[in-house]
Novice: 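What follows is a structure written as structure tokens; I'll ask about it next.
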Amino acid sequence: MLRDSPRSRVTLAVLVALAVVLLVLDGRSGHNPVTAAARAGGELVFVPAAAAAGYAAAPLSGLYDTVRRAPGASERIAELEAANAELKGELHAARLDEGRAENLDELLHLSGLGGYEIVPAQAVTRTTPRGYADVATIDAGTESGVRADMTVVNGQGLVGRVIDAGPRTATVLLATDVTSAVGARLESTRKIGVVTGGTVPGGPEADLTLELFDMEAPVEAGDRLVTLGSHEGAPFVPGVPIGTVEEVQVAPGALSRLGVLAPAVDFASLDLVGVVVAGPAEDPRDSVLPPKPDTPEREK
């Protein structure tokens, strides 16, 4: 580093003046011996450095060109890309299989607790035929013992009921459809009511709405409901979890109390379901409900 002295200041001033003169002379047209000599000196300094940088980068560029131009390289790259895509597909399928295996375990556990004989099926489409809002098609039909007016469940609870069955497929009316109505019973008080799909007139917005017949019956958020059961188990067997009360209100002029339910089933991600082809020998009551978080697990 130059020290601040009269000599260093003079030297700096001279260098700046020479630079300005060279710039002015170099901007003129024609050959100028002074600027030519300066450019030659610069080339002596910078050309070797630029050449060294180019020499260092040449092997990498050459390697890329060699790989790209090698015989069969493009085909090999295509094969590797195809193999990679296949591996990704297998991984995705494995994850799906793992998820469905878990769903099947949950479904078998629920059917075992309730004493339900089921036929597993996959919900393959969500359709809206014949004016229904929430309908699904499953890949099991009369050849598997599926008939109309059979209960459909998954590992969490009530999905709906079969309304039509062909040889290999069946149509399921989901519990969230506005035409669906299910007899229900409260876990805590055993009071009964009906759970309808969607919102009832004058009621709050909901996927499932409870109409409780007893206006004085105690009910609060967190209370759970199961199916009451139909005559001879058609279309609903008893004891299947329906949902949990989120809020309760009394509609003006109503003869019953209304409750908004959170469904036990995630209807947005239906996959593996079970059609109950034979109901339990006796009402399982609340034994199918999972243990509450703040209570010890029931003995199985």
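A quick note: this is a predicted structure, and the numbers were derived from the prediction, not measured.
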Novice: Would a distance-only check, ignoring hydrogens and angles, find a side-chain to backbone donor-acceptor pair under 3.5 Å from Thr209 to Gly198?
Specialist: yes

Novice: Only one of Val245, Val219, Leu208, Leu212 clears side chain to side chain contact (heavy atoms under 4.5 Å, CB included) with Leu225; which?
Specialist: Val245

Novice: Under the side chain to side chain contact (heavy atoms under 4.5 Å, CB included) rule, collect the residues that match up with Ala181, sequence neighbours excluded.
Specialist: Val194, Thr196

Novice: With sequence neighbours excluded, what pairs up with Glu246 under the side chain to side chain donor-acceptor pair (under 3.5 Å) test?
Specialist: none

Novice: Other than Val273, which residues form its hydrophobic cluster under the rule that side-chain heavy atoms must be closer than 4.5 Å?
Specialist: Val119, Ile138, Val146, Met150, Val152, Val159, Val162, Val172, Leu174, Val265, Phe267, Leu270, Val275, Val277

Novice: Checking Ser111 side chain against Ile118 main chain: does a donor-acceptor pair fall under 3.5 Å?
Specialist: no

Novice: List in chain and number order the residues that pass salt bridge (charged side-chain N to carboxylate O under 4.0 Å, His left out) with Asp149, two or more places apart in sequence or in another chain; answer none if no residue qualifies.
Specialist: Arg161

Novice: With sequence neighbours excluded, what pairs up with Ser230 under the side chain to side chain contact (heavy atoms under 4.5 Å, CB included) test?
Specialist: Pro235, Phe236

Novice: After noting the C-alpha distance and the side-chain angles of Leu289 and Glu187, does the key distance pass the side chain to side chain contact (heavy atoms under 4.5 Å, CB included) rule?
Specialist: CA-CA 9 Å; Leu289 286 169; Glu187 172 191 17; 3.6 Å; yes

Novice: If I take atom CD from residue Gln156 and atom CG from residue Leu107, how far apart are they, to the nearest 0.5 angstrom?
Specialist: 9.5 Å

Novice: What residues, two or more places apart in sequence or in another chain, satisfy side chain to side chain contact (heavy atoms under 4.5 Å, CB included) together with Pro238?
Specialist: Pro280, Asp283, Pro284

Novice: Roughly how far, to the nearest 0.5 Å, is the CD atom of Glu220 from the CG atom of Leu186?
Specialist: 10.5 Å

Novice: Scan residues 103-122 for pairs that pass salt bridge (charged side-chain N to carboxylate O under 4.0 Å, His left out), counting only residues two or more places apart or in two chains.
Specialist: none

Novice: Determine whether the side chains of Asp207 and Thr176 contain a donor N or O and an acceptor N or O closer than 3.5 Å.
Specialist: no

Novice: Could you walk me through whether Leu158 and Val182 pass side chain to side chain contact (heavy atoms under 4.5 Å, CB included), step by step?
Specialist: CA-CA 10 Å; Leu158 181 69; Val182 185; 4.0 Å; yes

Novice: Taking side chain to side chain contact (heavy atoms under 4.5 Å, CB included) as the definition, give me every residue that meets it alongside Leu228, ordered by chain and number, with sequence neighbours left out.
Specialist: Arg185, Ile192

Novice: Partners of Arg168 by salt bridge (charged side-chain N to carboxylate O under 4.0 Å, His left out), sequence neighbours excluded?
Specialist: Glu143

Novice: Within this structure, what is the CG-CG distance for the pair Asn154 and Asp271, rounded to the nearest 0.5 Å?
Specialist: 9.5 Å

Novice: Could you tell me which non-hydrogen atom of Ala140 sits nearest to which non-hydrogen atom of Ala121, and how far apart they are?
Specialist: CB-CB, 3.7 Å

Novice: Mind running side chain to side chain contact (heavy atoms under 4.5 Å, CB included) on Val288 and Val226 for me, showing each step along the way?
Specialist: CA-CA 9 Å; Val288 183; Val226 298; over 6 Å; no

Novice: Could you measure the distance from the CD1 atom of Ile163 to the OG1 atom of Thr171? Nearest 0.5 Å is fine.
Specialist: 5.5 Å

Novice: Take Thr227 and Ile242, measure what side chain to side chain contact (heavy atoms under 4.5 Å, CB included) needs, and give me the verdict at the end.
Specialist: CA-CA 7 Å; Thr227 53; Ile242 300 174; 3.8 Å; yes

Novice: So, Asp139 side chain and Gln122 main chain: donor-acceptor pair closer than 3.5 Å or not?
Specialist: yes

Novice: Given side chains that start at C-beta, do those of Val237 and Tyr116 come closer than 4.5 Å, heavy atoms only?
Specialist: yes

Novice: Applying side-chain hydrogen bond (donor to acceptor under 3.5 Å, both in side chains) as the test, list every pair that has at least one member in residues 258-268; sequence neighbours left out.
Specialist: Asp266-Ser269

